[in-house]
> 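The structure is given below, and queries will be raised subsequently.
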Amino acid sequence: MNGNPQAGELGSFDPRELLTRIRKRRDRSARFDAFSDGYIWVLLAAIALAYLFSVLSGVIFALQGEGMAALNLPSAVWNLQDLAIVLIPALLLCVFRGLLYLGPCGLSPDKASWWLPLPIKLTSIRRRALGGAIVLGALANAFIGTLWFLCLFALSGRFTAEVLLLGIVAAAASGALLSALAALAQIDHRQRAARRVYRGLWSLLLLGMGISWSLLLFGNQWLQGVYGRLGELVFEPTLWVVACTSLIVLATGATWFAFRRVERLDANAMRRAGQIHSQLVGSMVQMDLSGVLPVPNAARNARTWLARGSLRRLPVVLRILVLRYVRGRYWNGPLSLVLAVLALMLGVRGIANPLALTGFIALALCLLVENLSQINRPLASQPGLAQLLGLPRSQLVRPALGFSLAMALVVLLICSSLPAALGMIPSANLWPWCAGIVVASCGATAAMWGRATRGERDWESLILGSLNELNTGALAFKEFGHFLQALASGLPIFFLLLVPGSPVPWGVWALSALCAYPGYAALRGASEPPSETRR
């Protein structure tokens, strides 16, 4: 009773003050974490931009056939610069399709498991997800636009800083517009209709390019003047000022309309989009995008014909592989590559050269490694699958490698038809070319099996734990070593294309044949009995 009257005031406890203090500290740490994550992503984007520009510079060098004799086909009516300008709508359509696949309004799984079950209004969460989607679209399109402008400057030999800055702003505004349209499709549950619109616009673009190619083939002077004028306009800042103003106005209107309708955004749609975002980030950390790429199903009649047709006579492993190859439409990648290269050779000047064909076959080898590894990954990475099927391990490995070898042979023979039709394979090199195709197919199959049997890894922790650039380079070489193995197995083909009048050295044959040894080792290891059986 005789205590200090101010003791009660000094020892009073206010829970609201404690919560406010905790919230301030949490917000400060969250802002710091967001800043550090953003800094890392910006740094990775700058590094990726530099490497991609280097790769595209090499691609442009190969397509132009610098130092190589190119065939002047009568059907080639475009230049690479004209083609780059025409392909702007194609790039925008691809960005829109990617945003549709991503959501784009997503909520991370940890936040979704905490916030969505609560009986509260999700207005702030929906607005934050929509704002993140708009920023994602703007940044993604700005990245692609920067890369496109750098390639355009490399093709033309001209550089204007004002055009580059205005073009990046226009690309960012168009990305925000596309992201707002994709968000409206997600809000109103119109993704299927948006995909139909995308396919229709893509068909119209291909039809327009076909009509343009036909008119230029017959020497239409008006269209030639239009292409010449577009080539000059793309370097004028006035065009990009008008484009920036128009796109910013459209993006602002679409974003405002999306924020007005954000209350209709479904919580489950945000959860699904957040899962796709997390899978994409995890796949980028592992440097393997095969787990997030959409694989459409084949038509029902094709499945029925394959299931009830002649596949009954095949072994069970071959049946699984054929059904996976057709149902998953894994044939779509090699077919699209062949058709794209054929269209480029027929329509663009200077691409029908040995250097471009060498790059095409190298790209086909890398695509075969990735494509066939996705098909064989369940058979290769699950040792217990052979026991589940009631088969020894050798009867699972041998059909898988045989199927992959047959597919690699077929694809490489189809790719060989292009240089053969252009007369780049002399009759004296026909048998060495066939031998090179066989060796390259064996090497690609061996590289495919090595990539299919690799385990998961956390490349973020591996790279951060590396001591210097040498360790980082060793990690990257370990990741891309299978592609290098496939490319080394195709050295005889590249030598015959680039130096058609000289015989392939025996050292090149030995190196390319050595790349097929891992496939033989896999067959031999599968044929050996397990250690328990030996003992």
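The first residue of the sequence shown is numbered 1, and numbering continues consecutively from there.
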> Output all residues satisfying salt bridge (charged side-chain N to carboxylate O under 4.0 Å, His left out) with Arg271, sequence neighbours left out; order by chain, then residue number.
none

> For Phe159 and Ala161, work out which heavy atoms get closest and say how close.
CE2-N, 3.9 Å

> Output side-chain donor-acceptor pairs under 3.5 Å for residues 144-155, partner residues at least two apart or in another chain, one line each.
{"residue": "Thr146", "atom": "OG1", "partner": "Ala142", "partner atom": "O", "Å": "2.7"}
{"residue": "Trp148", "atom": "NE1", "partner": "Ala84", "partner atom": "O", "Å": "3.1"}

> What are the two closest heavy atoms between Leu365 and Gly490, and how far apart are they?
CD1-CA, 4.2 Å

> Can you check whether Phe235's main-chain N or O pairs, donor with acceptor, with Trp240's side chain at less than 3.5 Å?
no

> Does any part of the side chain of Thr445, heavy atoms only, come nearer than 4.5 Å to the side chain of Leu372, both counted from C-beta?
no

> Hey, does Leu83 have a side-chain heavy atom less than 4.5 Å from the side chain of Met209?
yes

> Check residues 336-343 and write down every donor-acceptor pair under 3.5 Å in which the side-chain atom is one partner and the other belongs to a residue at least two apart or another chain.
{"residue": "Ser336", "atom": "OG", "partner": "Asn332", "partner atom": "O", "Å": "2.7"}
{"residue": "Ser336", "atom": "OG", "partner": "Asn332", "partner atom": "OD1", "Å": "3.2"}

> Please collect all side-chain hydrogen bond (donor to acceptor under 3.5 Å, both in side chains) contacts where either partner lies in residues 249-258, sequence neighbours excluded, each pair once.
none

> Does some side-chain heavy atom of Leu166 sit less than 4.5 Å from a side-chain heavy atom of Leu239?
no

> Please tell me if the side chains of Phe143 and Leu52 come closer than 4.5 Å, counting only heavy atoms from C-beta onward.
yes

> Below 3.5 Å, can you tabulate the donor-acceptor pairs from side chains in residues 399-413 to any protein atom, sequence neighbours excluded?
{"residue": "Ser404", "atom": "OG", "partner": "Asn376", "partner atom": "ND2", "Å": "3.0"}
{"residue": "Ser404", "atom": "OG", "partner": "Ala400", "partner atom": "O", "Å": "2.9"}

> Which heavy atom of Thr358 sits nearest a heavy atom of Phe494, and at what distance?
CG2-CD2, 3.6 Å

> Before you tell me yes or no, could you show the steps for Glu370 and Gln374 under side-chain hydrogen bond (donor to acceptor under 3.5 Å, both in side chains), namely the whole-Å CA-CA distance, both residues' side-chain angles and the distance that decides it to 0.1 Å?
CA-CA 6 Å; Glu370 181 64 28; Gln374 294 180 23; 3.1 Å; yes

> Verify the neighbour count for atom CZ of Arg127: are there more than 12 heavy atoms of other residues, nucleotides or ligands below 6.0 Å?
no

> Are side-chain heavy atoms of Met448 and His482 found at a separation under 4.5 Å?
no

> Minimum heavy-atom separation for Ala364 and Cys415, please, with both atom names.
CB-SG, 4.0 Å

> Looking only at atom types and distance, does a side-chain atom of Arg126 sit under 3.5 Å from a main-chain N or O of Leu265, one as donor and one as acceptor?
yes

> Side chains of Arg272 and Asn268: closer than 4.5 Å at any heavy-atom pair?
yes

> Strictly by side-chain hydrogen bond (donor to acceptor under 3.5 Å, both in side chains), give each pair with a member in residues 172-194 just once, sequence neighbours left out.
Asn141-Ser174, Asp188-Arg261

> Nearest heavy-atom pair of Gln485 and Ala446: which atoms, and what distance?
NE2-CB, 3.6 Å

